[in-house]
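Notes to accompany the following structure.
The structure presented is a predicted model; accordingly, all values stated were derived computationally and were not measured.
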Amino acid sequence: MIVVACVDNNMGLLFNKRRQSQDKVMRERLLQRCAGSKLWMNAYSFNMFKKQAADSNVNICVAEDFLQQAATGDYCLIENTDPANYIDKIEQIILFCWNRDYPADFYFNVPLQAKPWRLLGSENFCGTSHEKITEEVYGR
């Protein structure tokens, strides 16, 4: 599976059970990347994609146990889910970095500085909520 997350400078995902931020351009970019594939998420995350889901050619699958159900090559958006128990299933990690410090109490906890992870690519783009969002892709 390919894990996707949006993080702040400290790898924060949530504060007080709410996402730190969201961005329309980031969502469009993710849907383009997942075209023709499955994109798994839970109901919390799907609320952010409802309007765009109908217009995309992405098979969005919603389940609370989506990390368990995802197969090789499937994308999995995590916001309030810990991927640690599924680390062996993760082929790739895509981070959308807000490039800001936000308050957080729930973090992305995969140690990307350690083996087997390596940065495969990085690209900056302009979002609607952030002037600069960095997309980083990590592989094994």
Side-chain angles (χ1 to χ4, degrees):
M1 80 174 105
I2 302 162
V3 168
V4 180
C6 298
V7 297
D8 70 2
N9 289 336
N10 299 306
M11 303 301 275
L13 293 166
L14 296 172
F15 180 64
N16 199 23
K17 299 182 182 179
R18 292 187 312 230
R19 69 181 56 91
Q20 296 172 324
S21 188
Q22 61 176 304
D23 188 272
K24 182 180 177 184
V25 173
M26 182 282 303
R27 290 192 306 269
E28 290 169 354
R29 190 175 177 106
L30 176 58
L31 291 173
Q32 287 173 356
R33 178 182 278 275
C34 298
S37 300
K38 285 185 179 179
L39 173 58
W40 288 90
M41 62 186 70
N42 60 20
Y44 174 80
S45 296
F46 184 66
N47 284 330
M48 184 171 52
F49 283 84
K50 280 183 181 175
K51 291 180 182 176
Q52 292 167 301
D55 297 331
S56 75
N57 62 346
V58 177
N59 182 7
I60 297 180
C61 304
V62 181
E64 295 309 307
D65 64 344
F66 67 97
L67 291 174
Q68 185 175 353
Q69 292 189 45
T72 302
D74 289 352
Y75 291 83
C76 297
L77 176 64
I78 64 164
E79 289 190 283
N80 59 358
T81 308
D82 184 355
N85 291 335
Y86 302 92
I87 198 77
D88 292 336
K89 285 181 68 173
I90 301 174
E91 311 155 59
Q92 219 175 54
I93 295 172
I94 300 170
L95 296 181
F96 289 100
C97 305
W98 298 132
N99 297 307
R100 299 228 179 110
D101 293 321
Y102 287 125
D105 54 17
F106 187 76
Y107 296 87
F108 186 81
N109 62 358
V110 177
L112 297 173
Q113 306 80 3
K115 288 186 179 183
W117 302 108
R118 67 186 193 292
L119 182 64
L120 301 176
S122 176
E123 185 179 345
N124 294 324
F125 63 95
C126 184
T128 53
S129 63
H130 298 74
E131 288 181 20
K132 177 182 151 187
I133 299 172
T134 305
E135 179 180 354
E136 298 178 342
V137 179
Y138 293 85
R140 290 184 174 270

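In terms of modelled atom types and a separation under 3.5 Å, the side chain of D82 and the main chain of A84 share a donor-acceptor contact. Using a distance-only test at 3.5 Å, with no hydrogens or angles considered, no donor-acceptor pair links the side chain of R100 to the main chain of N9. Remark: the backbone N or O of A43 is paired with a side-chain donor or acceptor of E64 at under 3.5 angstrom. Remark: side-chain polar atoms of D23 are paired, donor with acceptor, to backbone N or O of T128 under 3.5 angstrom. Under the 3.5 Å distance criterion, the side-chain polar atoms of K17 are left unmatched by any main-chain donor or acceptor of N80. Within the 3.5 Å criterion, the main-chain N or O of Y107 finds no donor-acceptor partner in the side chain of N109. A distance-only check finds a donor-acceptor pair linking the side chain of N42 to the backbone of S45 [under 3.5 Å].
Grouping the Ile, Leu, Val, Met, Phe, Trp and Tyr side chains by contacts below 4.5 angstrom, directly or via other members, places V4 with F49. Linking ILVMFWY side-chain heavy atoms closer than 4.5 Å, directly or via other members, places I87 and L77 in two distinct hydrophobic clusters. Cluster membership check: F125 shares its hydrophobic cluster with L120, using side-chain heavy-atom separations under 4.5 Å among Ile, Leu, Val, Met, Phe, Trp and Tyr.
Within the 4.5 Å cutoff, side-chain heavy atoms of T134 are placed close to those of S122. Two residues are said to be in side-chain contact when any heavy atoms from C-beta on lie closer than 4.5 Å; I90 and Y138 fail this criterion. Side-chain contact check for L14 versus Q20: every heavy-atom pair is 4.5 Å or farther apart. Side-chain contact check for Y75 versus I94: some heavy-atom pair is nearer than 4.5 Å. A 4.5 Å side-chain heavy-atom check between M41 and M48 finds every atom pair outside the cut-off. The closest side-chain heavy-atom distance from K38 to N59 is below 4.5 Å. Under the 4.5 Å side-chain criterion, counting only non-hydrogen atoms from C-beta, I78 is in contact with L67. Between M26 and C6, the closest side-chain pair of non-hydrogen atoms falls below 4.5 Å.
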Practice task
Applying side-chain contact (heavy atoms from CB on, under 4.5 Å), run through I2 and D74 and close with a yes or a no.
Solution key: CA-CA 6 Å; I2 302 162; D74 289 352; over 6 Å; no

Exercise for the section: Determine, step by step, whether I133 and E135 satisfy the side-chain contact (heavy atoms from CB on, under 4.5 Å) criterion, reporting the C-alpha distance in whole Å, the side-chain angles of both residues, the deciding distance to 0.1 Å, and the verdict. Expected result: CA-CA 7 Å; I133 299 172; E135 179 180 354; over 6 Å; no

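Here the rule is salt bridge (Lys or Arg N to Asp or Glu O under 4.0 Å) with E123, and of R33, K132, R29 only R29 fits it.
Scanning both residues, W40 and A63, for their nearest heavy atoms gives CZ3-CB, 4.1 Å. Closest non-hydrogen pair, P103 versus F15, comes out as O-CB, 3.2 Å. Looking at every heavy atom in both residues, G139 comes nearest to Q92 through CA-CG, 4.3 Å. A pairwise comparison of heavy atoms in W117 and E91 identifies CZ3-O, 4.0 Å as the closest pair. Between P83 and V110 the shortest heavy-atom distance is CG-CG2, 3.9 Å. The two residues C34 and L39 come nearest to each other via the heavy atoms SG-CD1, 4.1 Å.
A parallel orientation is assigned to the rings of W98 and H130, their planes being inclined by less than 30° (bins at 30° and 60°).
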